[in-house]
Amino acid sequence: MNQKNTLSQPKPTASASMEAATVEKGKHDRRIGNISMLVAKTFSGLNENALKYLLPTWMNAFTGVVLRLGFGSLFFWVLGWIRPNKTEQVTWRDRGLLLLTGIIAVFGYMYTLLIGLTYTTPISSSIFIALQATVVYIICLVLRTDRLSIGRLLGIILGIGGALVCVMTQKESDVAKDPFLGNMFCLASTFLFSAYLVIEKKFLKRLSNATVSKYTFSGGLLAAVVAVLIAGEWFAPVLHSHIFSAPFLVLAFVLIFPTSISYLLTDIGLKTLPATVVALYSNWILIVAAIASYALGQDHFSWWQILSIIMIIASVFLVEKAEVKDQTKPGKA
């Protein structure tokens, strides 16, 4: 009898099997994307403290941008040479738009961030970075590439609330020369990087990570070199320090991990996750920077900051849950 019932059950069709495989692949891709973003933003969080250590004693903002974009450009050009994608078609229009994105968004983001860190603290800088998700979401709504949902809205409101709790309760520090000026530059950097995420997401749909990044970084490097020549502000004692000295090792960390590997992993995240979710991982930068600041004695422990961290983690969970729910709906790729 049981055998008869088993034989009478309908066998899965080819279309059902393909749909199940697509759903499973989507879950795998999101898992890879989330891991990539977690590692990338951990490096970015430590980058805040590392740059604060270097600025302005061992280098200024102009020098820092040239060094980061110069090393990053070399990294992605070499990566593209080692792993060429012979199937992609890059037009001169693509190259021009990517270079322009680098000149405006990448150079603008890095310069305003380094200027901001010169005047404010790593935690304050990270608080404004945590607002990237909100800015990206607003940009996507304006461009009508995303839609309003309760899950996303609650997550973003919770993230903003966590950032505001940290801002309103954080005391001034002796390492912040002009917190207001620094925070305004950090806010500008948030808008520029958010725009960069939206633009790069569009290009990554048909171009490789190395191709997109090598042109955007090259555009940013061009703008940085021109800015240094015009301003005449090249200041880099770190380059004259011993190779095993603390300043040089900190600079090496900044160039290899937050500048190169972090951007490569972010591109992987952009290929597998919505731009709003990628931006939400900027909240993890705040968590890492806060922990590092406590460990290095750059800030004092505060239960208010712990509350903001919990709120921000919850915001990432809510928005990611909403995105997964949308992706698994029938008719969604």
Hydrophobic clusters here meaning ILVMFWY residues chained together by side-chain heavy-atom distances under 4.5 Å, can you tell me if [X] and [Y] are in one?
{"X": "I127", "Y": "L296", "value": "no"}
{"X": "L67", "Y": "L222", "value": "no"}
{"X": "L100", "Y": "I139", "value": "no"}
{"X": "L79", "Y": "I261", "value": "yes"}
{"X": "Y53", "Y": "F248", "value": "no"}

Kindly give the heavy-atom pair with the smallest separation between [X] and [Y], and that separation in Å.
{"X": "L265", "Y": "A40", "result": "CB-CB, 3.7 Å"}
{"X": "M311", "Y": "V165", "result": "SD-CG2, 4.2 Å"}
{"X": "P122", "Y": "L117", "result": "CA-CD2, 4.0 Å"}

Should the heavy atoms of other residues, nucleotides or ligands under 6.0 Å from [atom1] of [X] be counted, would the total exceed 12?
{"X": "W234", "atom1": "CH2", "answer": "yes"}
{"X": "F203", "atom1": "CZ", "answer": "yes"}
{"X": "K202", "atom1": "NZ", "answer": "no"}

### Message
Between D94 and R206, is there a side-chain heavy-atom distance shorter than 4.5 Å?
### Response
yes
Determine whether a donor-acceptor pair (N or O, by modelled atom type, separation under 3.5 Å) exists between the side chain of [X] and the backbone of [Y].
{"X": "T118", "Y": "L114", "result": "yes"}
{"X": "S218", "Y": "S73", "result": "no"}
{"X": "R95", "Y": "V90", "result": "yes"}
{"X": "T120", "Y": "G116", "result": "no"}
{"X": "S189", "Y": "T112", "result": "no"}
{"X": "N60", "Y": "P56", "result": "no"}
{"X": "T190", "Y": "F128", "result": "yes"}
{"X": "K52", "Y": "T121", "result": "no"}
{"X": "K271", "Y": "L204", "result": "yes"}

### Query
Could you go step by step and tell me if R68 and L51 meet the side chain to side chain contact (heavy atoms under 4.5 Å, CB included) rule?
CA-CA 11 Å; R68 292 191 69 187; L51 288 173; 4.0 Å; yes
### Message
Does E88 form a side chain to side chain donor-acceptor pair (under 3.5 Å) with T211? I'd like the steps, not just the answer.
### Response
CA-CA 9 Å; E88 67 179 356; T211 298; 2.5 Å; yes
### Task
Specify whether Y111 and F107 have parallel, tilted or perpendicular ring planes, treating 30° as the upper limit for parallel and 60° as the lower limit for perpendicular.
parallel
### Message
So that I know where these two stand, are W81 and F76 an aromatic pair - ring centroids less than 6.0 Å apart?
### Response
no
#### Entry: Residue of the set S262, S208, S213 for which side chain to side chain donor-acceptor pair (under 3.5 Å) holds with D267
S213
### Task
Check the pair Y263 / F217 against ring pair (Phe, Tyr, Trp, His ring centres under 6.0 Å), numbers first and verdict last.
CA-CA 10 Å; Y263 274 80; F217 267 67; 5.0 Å; yes
### Task
Begin with the C-alpha distance, continue with both residues' side-chain angles, and end with the deciding distance and a verdict on side chain to side chain donor-acceptor pair (under 3.5 Å) for S44 and N47.
CA-CA 5 Å; S44 297; N47 184 50; over 6 Å; no
